[in-house]
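One structure is given here, and the rest of the page talks about it.
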Amino acid sequence: MSDQSYPILQSIESPIQLRELAQEQLLPLADELRQYLIDTISSCGGHFAAGLGTVELTLALHYVFNTPDDRIVWDVGHQAYPHKVLTGRRDQLATIRQTDGLHPFPVRTESEYDTFAVGHSSTSISAALGMALAAKQKGEDRHCIAVIGDGALTGGMAFEAMNHAADTDANMLVVLNDNEMSISENVGGMNKYLAKLLAGRFYQRVRETGKKALHGIKPLSDFVGRAEEHMRGMLLPGTLFEELGFHYIGPIDGHDLPTLLNTLETIKTLNGPQFLHIVTRKGKGYEPAENDPIAYHGVPIFDPKDINLPKGKKPKTYSNIFGDFLCDIAAQDDRVVGITPAMREGSDLIRFSKEYPERYYDVGIAEQHAVTVAAGLACEGLKPVCAIYSTFLQRGYDQLIHDVALQNLDVLFAIDRAGLVGGDGATHNGAFDLSYLRCIPNMLIMAPSDENECRQCLYTGYLYQGPAAVRYPRGMGAGIEPEKAFTTFEIGKGIVRKQGEKVAILAFGSMVQLALEAAEEINATVADMRFVKPLDKELIKELAANHSLLITLEENAVMGGAGSAVNEFLLANDIQVEVKNLGLPDRFIEHGDTKDLFQRIHLTKAAILAEIN
């Protein structure tokens, strides 16, 4: 790509240069920035549609506010690609999500303009409020802005933060990037006029003057206040936010750059919590992404001149195995219900949602609620299956303990993306679920080694009376077509996949295939443990008695994980044998190609052999 295609954009190395431009230069800059995103991401892959929708908003925020002294917190981070381009990382964008390349989301160690790490949603208002309160306490004059997508607003944490913000009267701005609505006539001239009026200084003066004049005449003051509130409620969708203590402005067209600039300039002069509602279009400027923002949320390398993303027959992933299982078991048992916290596509609940819509619940980005609503369903005799990523189940941990396990309720957790996830990096790696699950009483925890075991583990968990978890990695396994018939595993029993001598590798889940490859080199025994809780104690005793070295192998944090469970059992039973635990190290694993990452953390065949030799 030649910089000649982007004459204004190539002059922007930071928002300092952006703020030196005349306003009339911002519209052609927006066109250049949008085209740069299309050209670059189509050549390297990454998050796509969301960033196209925030081009004008990003330009306006950095133009109006004095970043990085003024703080912007993005929620969630996949809408921040334009932000990365404008803050000194333009020429690195083609490396995003790749090994040693740009982080997929804002991260504080990458840029001073990235004020907060935002891989999980619904955190921005809390973080921005904390920054605003800190500025107030330190006597610093700065603006703190949270940019929250409407999906993220379904998370209860966002409303907890707004409730607190009103009580503090902090000077902060929440921008609701409402990108699920199309721009229609009712978000046109009249709404633009109302937004301008409500944000204007004249309105503010009239409002404050009226309050002062009516002070002490409580009945009349209350009547006027209620009249204003009801009038605004009839005309605008902001009553809820007003009730939470925010001054609501909008909705306005988030692609109308002049109006956006004028509105933000006015908001800068206002005190207290402000709420700006803008309406944008995901995939703006690239028609295929506008028409199908879900398909274009994250993209592989593609030709932007071709209106269709690359397609072809793909092998089944673990998510596909789960999706098929859920439909098959639901056909046999009308008690089965499927629950997802806004991850229908990612967890492959598409078919289930169409075939069993009355038994499908997408609760929004609300993991805590997802877990507890599953508990409520279980209380009434249904069989809830909660499909959730490992990294997101962390957000419902108290509910998992208090609402499900403590009551020994019959909930099955299908835990996707366990282990390393590649390009999405540390915020999305499923590195801790074995550690945080196995300490919870009543939990059954399974780790299948291939696609067939995944289906049978899910069936075992379905039959189990109590909380059960099946954790499986992103993408493909061994490529084994699962048996359609349902078979159940004996609880707490593993199997020996290869009989060898001297060295036994106790492999959990996704690491079984790697263990088998290493074992071929040295004639080691390989045990597919299948269960993390309860452990196969008899198998461990047998392996310890007949081998001089045990190696535990897992794609989970080695601290507190499955290997630790083996260590605890050996110690408790005074079994003397050398043990080495291999797994994810005690640090957050960066983003990049998974093969590169496994090399870096020494979780490879060569590394296993080195531990033995």
Side-chain angles (χ1 to χ4, degrees), residues 151 154-155 180 292-295 297 314-390 392-393 396 399-400 403-404 407 409-418 444 446 448 451-472 474-475 477 481-488:
T154 62
E180 288 294 341
D292 193 353
I294 294 176
H297 170 73
K314 298 179 181 178
K316 283 192 173 183
T317 65
Y318 278 105
S319 302
N320 300 148
I321 301 302
F322 163 72
D324 289 342
F325 161 81
L326 192 60
C327 289
D328 293 346
I329 202 67
Q332 298 183 15
D333 185 351
D334 60 10
R335 298 175 306 134
V336 171
V337 297
I339 302 168
T340 176
M343 297 304 295
R344 185 184 77 146
E345 286 73 24
S347 295
D348 198 17
L349 284 165
I350 299 172
R351 179 183 154 205
F352 184 85
S353 68
K354 293 176 180 177
E355 293 184 8
Y356 302 97
E358 74 285 355
R359 291 195 261 162
Y360 167 73
Y361 301 102
D362 184 341
V363 303
I365 305 177
E367 294 85 1
Q368 294 170 298
H369 170 61
V371 175
T372 301
V373 78
L377 288 162
C379 283
E380 299 303 317
L382 297 185
K383 183 68 186 187
V385 180
C386 189
I388 191 166
Y389 288 11
S390 171
F392 298 142
L393 184 55
Q399 289 69 29
L400 179 61
D403 299 338
V404 176
Q407 304 182 85
L409 292 175
D410 197 11
V411 179
L412 173 59
F413 293 92
I415 304 176
D416 203 338
R417 270 60 167 183
L444 173 68
M446 293 166 278
E451 293 88 339
N452 184 56
E453 279 198 357
C454 184
R455 182 176 172 91
Q456 309 317 325
C457 281
L458 287 164
Y459 186 60
T460 303
Y462 157 77
L463 293 176
Y464 183 72
Q465 296 299 303
V470 180
R471 60 104 68 173
Y472 45 89
R474 180 179 187 176
E481 184 68 25
E483 300 171 13
K484 279 295 182 182
F486 290 118
T487 57
T488 183

If you measure from CD1 on Ile339 to OG on Ser347, what distance do you get to the nearest 0.5 Å? 12.0 Å
Residues at least two apart in sequence or cross-chain that pass side-chain hydrogen bond (donor to acceptor under 3.5 Å, both in side chains) with Arg359, listed by chain then number, are none
Using side chain to side chain contact (heavy atoms under 4.5 Å, CB included) as the criterion, list what pairs up with Thr340, not counting sequence neighbours. Met343, Leu349, Tyr360, Asp362
Approximate separation, where rounding is to 0.5 Å, of Gln399 CD and Glu367 CD: 10.0 Å
Is there a donor in the side chain of Thr317 and an acceptor in the side chain of Arg474, or the other way round, less than 3.5 Å apart? no
Minimum heavy-atom separation for Ala387 to Pro341, with atom names? O-CD, 3.4 Å
Quick one: does any side-chain atom of Glu451 pair with a main-chain N or O of Pro482 as donor and acceptor, under 3.5 Å? no
Non-neighbouring partners of Tyr318 that pass side-chain hydrogen bond (donor to acceptor under 3.5 Å, both in side chains), sequence neighbours left out: none
dist Phe392:CZ -> Asp416:CG (nearest 0.5 Å) comes out at 10.5 Å
Let me have the donor-acceptor pairs involving side chains of residues 368-386, under 3.5 Å, with sequence neighbours excluded, atom names and distances please.
| residue | atom | partner | partner atom | Å |
| --- | --- | --- | --- | --- |
| Thr372 | OG1 | Gln368 | O | 3.4 |
| Thr372 | OG1 | Asp403 | OD2 | 2.6 |
| Lys383 | NZ | Asp410 | OD1 | 2.4 |
| Lys383 | NZ | Asp410 | OD2 | 3.3 |
| Lys383 | NZ | Tyr462 | O | 2.9 |
| Lys383 | NZ | Tyr464 | O | 3.3 |

Do Thr487 and Tyr459 have side-chain heavy atoms sitting under 4.5 Å apart? no
Output yes when a side-chain donor or acceptor of Ser390 lies under 3.5 Å from a complementary backbone atom of Ile415, and no otherwise. no
Show the nearest heavy-atom pair for residues Pro448 and Arg471, with the distance to one decimal. CD-O, 3.3 Å
Would you call Val337 and Tyr361 a side-chain contact if the rule is heavy atoms closer than 4.5 Å? yes
For Phe352, which residues count as a ring-ring contact (aromatic ring centres under 6.0 Å, His included) partner, sequence neighbours excluded? Tyr356
Can you find a pair of side-chain heavy atoms, one from Phe413 and one from Leu400, that are under 4.5 Å apart? yes
Grab the two heavy atoms, one from Leu412 and one from Leu458, that are nearest each other, plus how far apart they are. CD2-O, 3.7 Å
Please, which pairs that meet salt bridge (Lys or Arg N to Asp or Glu O under 4.0 Å) have at least one residue in residues 319-329, sequence neighbours excluded? Lys316-Asp324, Asp324-Arg351, Asp328-Arg351, Asp328-Arg455, Asp328-Lys484
Contact summary for Gly346 and Arg417, nearest pair of heavy atoms: O-NH1, 3.0 Å
Looking at every heavy atom in both Thr154 and Ala366, which two are closest together, and how far apart are they? O-CB, 3.9 Å
Say you draw a straight line from OG of Ser319 to CD of Glu345; how long is it, rounded to the nearest 0.5 Å? 11.5 Å
